[in-house]
Visitor: 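Here it is, the structure, as structure tokens.
FYI, side chains are in, hydrogens and waters are out, and symmetry mates aren't considered; it's all heavy atoms of this structure.
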Amino acid sequence: MPKKRENRGRRKGDKGHVGYISCDQCGARVPEDKAICVTRPYSPVDPALAAELEKKGAIIMRYPVTKCYCVNCAVYLGIIKIRAEEERKQKAKLY
């Protein structure tokens, strides 16, 4: 059977077995090297209130929050895009 991707859609390499995590959107069980993880700053304060407090000189802390998604949810949320076949398979030509 032909291989569609050189890395088989994972970042595992030669590791063997990797653990599983659950998708933060749908709860699907995904291998941790296949999951798409995004780290974004999170502030518990309302953005309008934070802007007003920052004008007065207050320091509002932002915490990094990492969320991991399965491939389906990452495509649905727009984190990754489905690329054309020509863009996917960019291999050097052998002369």
Visitor: Give, for atom CG of L77 and atom OH of Y69, the distance between the pair rounded to the nearest 0.5 Å.
Guide: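 The OH atom of Y69 is 5.5 Å from CG of L77, to the nearest 0.5 Å.
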Visitor: I need the minimum non-hydrogen distance between P64 and T39, along with the two atoms involved.
Guide: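 In this case the closest contact between P64 and T39 is CB-CG2, 4.0 Å.
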Visitor: With rounding to the nearest 0.5 angstrom, report the CD to OH distance, E32 to Y20.
Guide: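 Spacing of CD (E32) from OH (Y20) equals 10.5 Å.
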Visitor: Could you pull out the closest heavy-atom pair between I21 and A35, with the gap in Å?
Guide: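 The answer is CD1-CB, 3.6 Å.
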Visitor: Test of understanding: clusters of I, L, V, M, F, W, Y form through side-chain heavy atoms closer than 4.5 Å, transitively. Do V38 and V75 belong to the same one?
Guide: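 Yes: a chain of side-chain contacts under 4.5 Å links V38 to V75.
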Visitor: Would you say I36 ends up clustered with I82 if hydrophobic residues are merged whenever their side chains have heavy atoms under 4.5 Å apart, either directly or through other cluster members?
Guide: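 Yes, because I82 and I36 connect within a single hydrophobic cluster, where side-chain heavy atoms sit under 4.5 Å apart.
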Visitor: Which heavy atom of P31 sits nearest a heavy atom of V18, and at what distance?
Guide: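 Here P31 and V18 meet closest at CB-CG2, 4.2 Å.
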Visitor: Between C68 and C37, does the SG-SG distance stay under 2.5 Å?
Guide: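 With an SG-SG separation under 2.5 Å, C37 and C68 do form a disulfide.
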Visitor: When rounded to the nearest 0.5 angstrom, what is the spacing between NZ in K34 and SG in C70?
Guide: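 If we round to the nearest 0.5 Å, K34:NZ and C70:SG are 10.0 Å apart.
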Visitor: Heavy-atom count around E54 CD within 6.0 Å, excluding the residue itself: above 12?
Guide: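 Yes.
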Visitor: When you check the gap from the basic side-chain N to the acidic O, do K12 and D33 get nearer than 4.0 Å?
Guide: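 Not counted as a salt bridge, because no side-chain N and carboxylate O are separated by less than 4.0 Å.
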Visitor: Which pair of heavy atoms, one from T66 and one from D24, lies closest together, and at what distance?
Guide: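 For T66 versus D24, the nearest heavy atoms are O-OD2, 4.2 Å.
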Visitor: CZ/R40 to CZ/R62 distance, rounded to the nearest 0.5 angstrom?
Guide: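 The CZ atom of R62 is 14.5 Å from CZ of R40, to the nearest 0.5 Å.
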Visitor: Is there side-chain contact between I80 and V71, with heavy atoms separated by less than 4.5 Å?
Guide: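 Sidechains of V71 and I80: in contact.
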